[in-house]
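Presented below is the structure to which this report refers.
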Amino acid sequence: MRRRARLTAAVSAACAAVLIAAVPSAATGGATGLRNGIRSGVGAYEPDPYFPLAGNPGYDVQHYDLDLDFTPATHALVAQATITARAEDDLPRFTLDYSGPAIERIQVDGRPAAFRQDGQELTVVPHDPLARGREFTVRVDYRGTPGPLDDPALGVYGWINTDDGAVALNEPDGARTWYPVNDDIRDKATYTFRITVPEGVTALANGERQSERRAAGRTTATWAMNRPMSSYLAMVAIGKFRVDRGTVGGIPDITAVDPAGDGNLAALQTGTAAAVAFGERHFGRYPFGSVGGIVDRIGVDYALETQSRPVYDGRPDELTMVHEIAHQWYGDSVTPTTWRDIWLNEGFATYAEWLWQEEHGGPTAAETFDRLYATPAGDPFWELRTADPGRDDIFDYEAVYLRGAMFLQELRRTLGDPAFFELLHTWAERHRYGSVATCDLRQDAERIAGRDLGPLFHTWLYTETKPALTALAPH
Ligand code: ARG
Ligand code: ZN
């Protein structure tokens with residue numbers, strides 16, 4: 001699901017250069033790209049600049065159906081993944097991203113297909129070449145013991161086994177540790193998860209639970225995410241959980257905590273509800289069909305904004321819940337086109353924390369800005385470009401989270417409160433379920449402000465020096 005039409009329709013000259021590099025489409029004027037031995041005749045496929053091996057040319061995934069049978073005692077997984085996709089080119093073969101347990105067989109449209117694994121690339125050769133425009137299904141059967149990635153710069157992520165189960169936290173490119181995937185941040189798809197676990201164990205995932213069945217001492221829960229979701233936001237959580245179901249503002253709310261941890265179900269419920277209400281007030285209508293949160297003992301030391309239901313490693317404080325819930329609008333629904341623009345996630349979610357504090361007796365966002373702005377020029381705080389920090393620094397707290405939020409505060413001061421808060425709504429509404437770049441934000445801001453904001457965007461997002469404050473015209 002690429003929603004290319006919407007993206008390109010929204011492009012004006014200012015964004016064109018970025019989008020030509022970012023969107024594999026006719027906009028590239030029929031240029032051909034060769035990747036993994038596959039020629040793309042539709043347009044050059046542009047891999048992500050930070051994760052060039054994640055994502056694959058030639059097709060567009062519509063839906064993932066993941067059937068997962070997991071036994072916590074042994075951490076053994078028996079799985080079938082069925083992917084529904086559309087060929088965007090004639091495909092004698094295609095690739096998926098995969099580095100999970102051993103594959104037993106692959107079928108394309110029900111016929112056995114040849115395949116080869118080479119590092120994290122899985123090449124599939126269907127019995128008959130796929131014609132451009134054709135919708136096809138790939139079924140992959142695999143089994144074994146999945147495990148996480150441990151990256152020197154990004155930490156532990158992907159499929160993470162726990163004492164009593166497992167949690168999948170994919171950001172940024174960990175989805176391939178547990179299912180074959182087109183791990184391109186732009187290729188959003190819907191998901192069905194069918195998770196079978198021993199009785200007494202609970203399985204949760206994104207979205208809404210459709211059914212639960214018991215047979216032969218095992219329980220199968222089916223979960224569905226019916227809104228477009230980028231693969232880095234797909235999640236399952238398996239283990240002993242205390243689960244609570246309620247609603248917040250009419251939205252089903254499913255929260256769960258590991259009873260052996262320090263999580264407090266009531267606090268998770270209250271904090272989530274307050275964060276959703278706050279988000280709906282400032283950012284507009286909540287974008288998904290359900291919400292919630294999961295607290296487990298994982299040992300990664302971060303929370304993740306998994307779509308519709310964030311996962312917390314241990315009991316979250318209020319601000320962490322505000323941060324992860326804000327990501328549902330900024331990151332999950334409105335998603336960067338490339339990982340270079342991760343500040344569009346983290347800057348907005350951090351700014352949401354500042355706004356929350358401002359409204360709850362804490363420092364105002366302007367005061368938080370001032371405190372950080374006192375950091376002297378030349379301090380490493382100002383190093384790295386907020387809108388292009390580099391692959392190893394996508395989670396850099398100062399450059400991406402704090403300076404991203406500082407830019408938004410400076411934008412607020414420049415636009416004034418009414419225009420800035422209109423922008424927060426417009427950004428979430430206009431690009432709902434879409435993929436965006438920094439230039440799209442500039443365009444939306446300039447449309448609302450009625451003037452050029454180029455220098456402001458440039459100095460805050462694309463330089464490594466402490467920006468001078470914008471002189472405001474007196475009014
Ligand atoms: N996006 C998460 C947040 O809201 C951080 C994820 C960190 N991931 C990692 N692999 N280190 O802050
Ligand atoms: Zn975040």
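Just follow the structure's listing: the first ligand is 1, and inside any ligand the first atom is 1. Here the structure is a predicted model, which is why all the values come from computation and not from measurement.
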- Side chain N170, main chain D173, donor-acceptor under 3.5 Å: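 No.
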- Pair T190-N226, side-chain donor/acceptor within less than 3.5 Å: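 Looking only at side-chain atoms, N226 and T190 do not form any donor-acceptor pair under 3.5 Å.
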- Query: Y98 and ring pair (Phe, Tyr, Trp, His ring centres under 6.0 Å): which partner among Y142, F115, W178, Y179?
  - Reply: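 Only one of Y142, F115, W178, Y179 forms a ring pair (Phe, Tyr, Trp, His ring centres under 6.0 Å) with Y98, namely Y142.
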Atoms in ligand 1 flagged as close to [X], the criterion being non-hydrogen separation under 4.0 Å:
X    : answer
H323 : 3 (C), 4 (O), 12 (O)
L154 : 9 (C), 10 (N), 11 (N)
E305 : 1 (N), 2 (C), 3 (C), 4 (O)
L304 : 1 (N), 2 (C), 6 (C)
Y401 : 2 (C), 3 (C), 5 (C), 12 (O)
E324 : 3 (C), 4 (O)

- Message: For atom 6 (C) of ligand 1, what is the closest protein heavy atom, and at what distance to 0.1 Å?
- Response: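 Sorting protein heavy atoms by distance from atom 6 (C) of ligand 1 puts E171 OE1, 3.4 Å first.
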- Query: Do T386 and M406 come within less than 4.5 Å of each other through their side chains, counting heavy atoms only?
  - Reply: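 A side-chain contact under 4.5 Å is absent here.
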- Report yes if some heavy atom in the side chain of T335 is under 4.5 Å from a heavy atom in the side chain of I185; otherwise report no.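 Yes, their side chains come closer than 4.5 Å.
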- Message: Set out, in order, the CA-CA distance, both residues' side-chain angles and the distance that settles side chain to side chain donor-acceptor pair (under 3.5 Å) for W354 and T364, then state yes or no.
- Response: CA-CA 7 Å; W354 295 6; T364 63; over 6 Å; no
- Task: State if A303 counts as touching ligand 1 under the rule of any non-hydrogen atom under 4.0 Å.
- Result: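 Contact check A303 vs ligand 1: positive.
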- Item | Metal site the Zn ion (ligand 2): N/O/S of E305 inside 2.8 Å |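 Under 2.8 Å: E305 has no N, O or S contact with the Zn ion (ligand 2).
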